[in-house]
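Protein chains get the first letters and strands the later ones, always in sequence-line order, with residue 1 at the start of each.
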Amino acid sequence: MRLRRLLVGIFLVSTVATLGLGGPKLIIAGRDGVYGAAMQLAVDLYKAEHPDVDIELLKLPYSGLYEKLVIDFREAIGAYDVVLLDDVWATEFMSLGWLANLEALGFTAEADFVGKALAVGRYPYAQGALYAVPHVGNVELFAYRKDLFDKYGLPEPKSWLEVLGAAALIERYEPGIKGIVFRGKKGNPIVTGFLPIFWSFGAEILDVDGRPTLNSPQAVAALKFFLAMKAFAPTGVEIYDSSELRDALQGGTVAIATEVWPAWVPALDDPAKSKVVGQVEIIPHPGLVAESSPVIGIWLLAIPTASKNKATALDFLRFVSSPAVQKKLALEVGLPPTRVSVYQDPEVVAKYRWYPAQLAALDASRPRPRVPEWAQIEGVLGDYLQLALVGSMPPEEALAAAQARVEEILR
Amino acid sequence: MTRSSARRAPFHERYFHYLILIPALLIMIALTVYPVINVVQLSFYRYSYARGEKAFIGLENYYRLASDRFFLKGLSNTFQFTALATVAELALGLGLALLFNTKFRGRRWLLPLVIFPMMLSTMVVCAVWGAMYHYDYGIINHVLRAVGLSPVRWLFDPNLALQSLVLIDLWQWTPMVFLILLAGLQSIPAEIYEAGRVDGASGFRLFRHMTLPLIKRHFLLAVLLRIIDTFKIFDKVYALTGGGPGDATETISLYIYREGFRYFNLGRAAAAAVVMLIAVILISAVYVRQVIRGHA
């Protein structure tokens, strides 16, 4: 008798859970670290307003997130209702029909969103339907030690040649300080570090017809310049990733960082973490042949086509991308916003002095090529750039080999 | 009639030993044989998993591998890593086993310390060694500087990065070799050594002609296990170097992972996996032959 009651109880509980009688449930595939903390805050705020909605937030590491999403989308499993994705994956996901058309679901993108940030969530790029809402207003920035530049009478660098000159000068006269630092680790880090230089030399990864142009004279000149910077970089820059670059900048052992991301910047002014509080100036990248060309790296929020809770997911997206929540996430967690009004908010600017420069960088930014094969192209380019960086291949040969591989990928 | 029944046992008794093998056989077919056949089949296709495009291309994946710098380097690095790590671990493991096969003060306290590294997660081991190898702040370079030597570019010198990974593997997995060989040494009856000494053998001759032959099977087992494990090297490379600097620490496993799970080129990844499988089978065949000979 008791056993029968127990079985009936289990059946009822499982039926209620299956039918979702406990209210809608959202499963969010998010990131760890600062992005995870920001999303947790957003979830808490949303749940305070919607106590009936059950939300499970998965704080996943960057490594492996792409693979998880691809498998879930490809198999139409529908394990996630809201996903946080890097804009470099967006074109592939959108072109394969894996993300829901948000405008068709009822989402309206206001003009307040930073134009370049919103453009990467559309397919085709900038013109098509909206499949993803910009959540993290990431853009690659440039950092230099203003105190050292002032000491040697150096102006704010406007071109890459000035950058190299300043790095050489400071390294020569400042013991214990290296001229410049960048991410040299193979794969995404070295490509991201190289692209602002590559573009400012007038080089392009793909031409207007979508054909690779990695071995153009401009590209070779850019790579030679990149390799010239290594002479003033810390020993071991070949394996430098985010943490090493941040350590060097915060530790005051480098004069220039060619790559800084908004989420890293608050620590520079935190006395508990930084030896260079108030001494680092954050600006958009210098240019050369072309204008300043920082890389945009937006993290987007989207609803998978296979999601079973699209209505609730859409409501959550509206909430988390609203100016009020964006401002709260910026002030409390330091999440870079994607709305112009938040960048111009006096309270926000008072806390983050570099936000005007960040907005300028976003406006000047360029996205990585909007082709579904970008993940593979980036991997190949990263492999050969590193071979050039460690001296295993001359720059011309490395770019020619990368060109051949990318041609094969796009064939 | 009665004689015939006695000669001919019922079906289930006659084939009982085959019947009890069936469940294990089915599991093996489902989890090993089928995936292997599937991978071999996939290796003849251009298969983009993400796009769902699949086309038969014969041996093209294999031709591409034969001219792919990163695959060839990965193959060469994998063999190099396997040879270096296995030989070093066997030598050190044997030395430790011989030492711990004798009685000395503090033995019971030292034994757990020696086997401690193999109980740690590889990711933890990588985090610790990554910090120790750091050029500027690592303890190893700190000690080198303190004694007046130049710091070493452990993980970013293309000529040294692979050996630096071997050193970590040596630290982590020598204890396993040590335990296998110690078990072998402790299974040798003391009388055999006494007999050897009576016949005038001592020191190295005793070791060469008695100890080594008697622990041969343990030795071969340790060789096989370490070769198979080191041939799959992935975690340390993934966590510490990502295959760099350049292609200095590329391995076959990393190549398969990148092609299969980063780019989702399942055909190319399958072809690389088949090459790896053939290499492992060839290596294991040597061991299996030795074992069969031993039983014969």
Side-chain angles (χ1 to χ4, degrees), chain A residues 63-64 66-71 73-75 89 92-93 95-98 176 178 184-190 234-241 243-244 247-248 251 253 372-380 382-393 397-398 401 404-405 408-409 411, chain B residues 46-53 60 63-64 67-71 73-74 123 127 130-131 133-138 141 150-161 164 235 237-250 254-255 257-266 268:
Chain A
S63 162
Y66 170 74
E67 293 88 326
K68 274 192 178 68
L69 295 182
V70 168
I71 292 168
F73 296 162
R74 170 75 167 79
E75 302 301 329
W89 312 333
E92 180 182 15
F93 294 176
S95 68
L96 291 169
W98 288 345
K178 301 300 289 185
K185 190 173 181 180
K186 72 187 289 187
N188 167 279
I190 193 169
T235 310
V237 76
E238 299 91 336
I239 57 164
Y240 266 40
D241 202 348
S243 58
E244 289 83 7
D247 286 348
T253 58
E373 299 85 357
W374 173 249
Q376 206 169 337
I377 294 173
E378 183 182 68
V380 166
D383 284 345
Y384 286 99
L385 286 178
Q386 240 241 344
L387 284 173
L389 186 67
V390 300
S392 299
M393 254 189 182
E397 202 180 309
R405 286 291 312 278
E408 184 196 324
I409 291 164
R411 198 174 296 144
Chain B
R46 179 184 294 122
Y47 182 23
S48 166
Y49 171 77
R51 290 189 227 164
E53 293 167 1
E60 195 185 313
Y63 293 141
R64 297 271 181 199
S67 61
D68 187 329
R69 174 193 175 105
F70 289 92
F71 177 75
K73 184 71 177 173
M123 286 300 129
Y133 274 152
H134 195 286
Y135 184 82
D136 293 315
Y137 315 115
N141 279 351
S150 299
V152 176
R153 306 179 339 140
W154 295 103
L155 290 175
F156 50 87
D157 180 341
N159 299 315
L160 194 64
S164 300
D235 38 19
V237 178
Y238 183 78
L240 287 168
T241 62
D247 53 6
T249 58
E250 277 286 335
L254 192 70
Y255 184 91
Y257 165 76
R258 204 166 45 228
E259 285 293 331
F261 295 101
R262 187 73 59 80
Y263 307 152
F264 291 100
N265 289 332
L266 296 195
R268 182 82 61 91

Next on the checklist: As a quick check of understanding, evaluate salt bridge (Lys or Arg N to Asp or Glu O under 4.0 Å) for A:E378 and B:R262, giving each step before the final call.
Outcome noted: CA-CA 11 Å; A:E378 183 182 68; B:R262 187 73 59 80; over 6 Å; no
Next on the checklist: Quick one, A:Q386 with B:D247, criterion side-chain contact (heavy atoms from CB on, under 4.5 Å). Give me CA distance, side-chain angles, the key distance, then yes/no.
Outcome noted: CA-CA 8 Å; A:Q386 240 241 344; B:D247 53 6; over 6 Å; no
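Proximity of B:T241 to A:K185: side-chain heavy atoms (C-beta onward) are nowhere separated by under 4.5 Å. Side-chain contact between A:E67 and B:F264: present, with at least one pair of heavy atoms (C-beta onward) separated by less than 4.5 Å. Within the 4.5 Å cutoff, side-chain heavy atoms of B:R69 are placed close to those of A:M393. The shortest side-chain heavy-atom distance between B:R64 and A:E408 falls under the 4.5 Å cut-off. When side chains are defined from C-beta on, B:F70 counts as touching A:L387, because their heavy atoms get closer than 4.5 Å.
A donor-acceptor pair under 3.5 Å is formed between the side chain of A:R74 and the backbone N or O of B:Y49. With hydrogens and angles ignored, the 3.5 Å screen pairs a side-chain donor or acceptor of A:K186 with a backbone N or O of B:G246.
Between atom CG of residue B:D136 and atom CG of residue A:D247 there is a gap of 10.0 Å, rounded to the nearest 0.5 Å. The OG atom of B:S48 sits 11.5 Å away from the CD1 atom of A:I409 when rounded to the nearest 0.5 Å. For the atom pair A:R405 CZ and B:D68 CG, the distance stands at 5.0 Å (nearest 0.5 Å).
Contacts between B:R153 and chain A at a heavy-atom distance below 4.5 Å involve the side chain alone, from C-beta outward. Of the atoms belonging to B:P158, it is side-chain heavy atoms, and not backbone ones, that fall under 4.5 Å from chain A. At a 4.5 Å heavy-atom cutoff, B:D157 makes no contact with chain A through either its backbone or its side chain. Only the side chain of B:R268 comes within less than 4.5 Å of a heavy atom of chain A; its backbone N, CA, C and O stay farther away. If you measure heavy-atom distances from A:I71 to chain B, the contacts under 4.5 Å come from both the backbone and the side chain. Looking at B:Y257, only its side chain comes within 4.5 Å of chain A, counting heavy atoms on both sides.
Counting only N and O atoms by type, the side chains of B:Y135 and A:E244 include no donor and acceptor under 3.5 Å apart.
Scanning both residues, B:A50 and A:V70, for their nearest heavy atoms gives CB-CG1, 4.4 Å. For the residue pair A:E238 and B:F156, the shortest heavy atom distance occurs at OE1-CD1, 3.8 Å.
Among A:T235, A:V390, A:I239, the residue with the largest count of heavy-atom pairs under 4.5 Å with chain B is A:T235.
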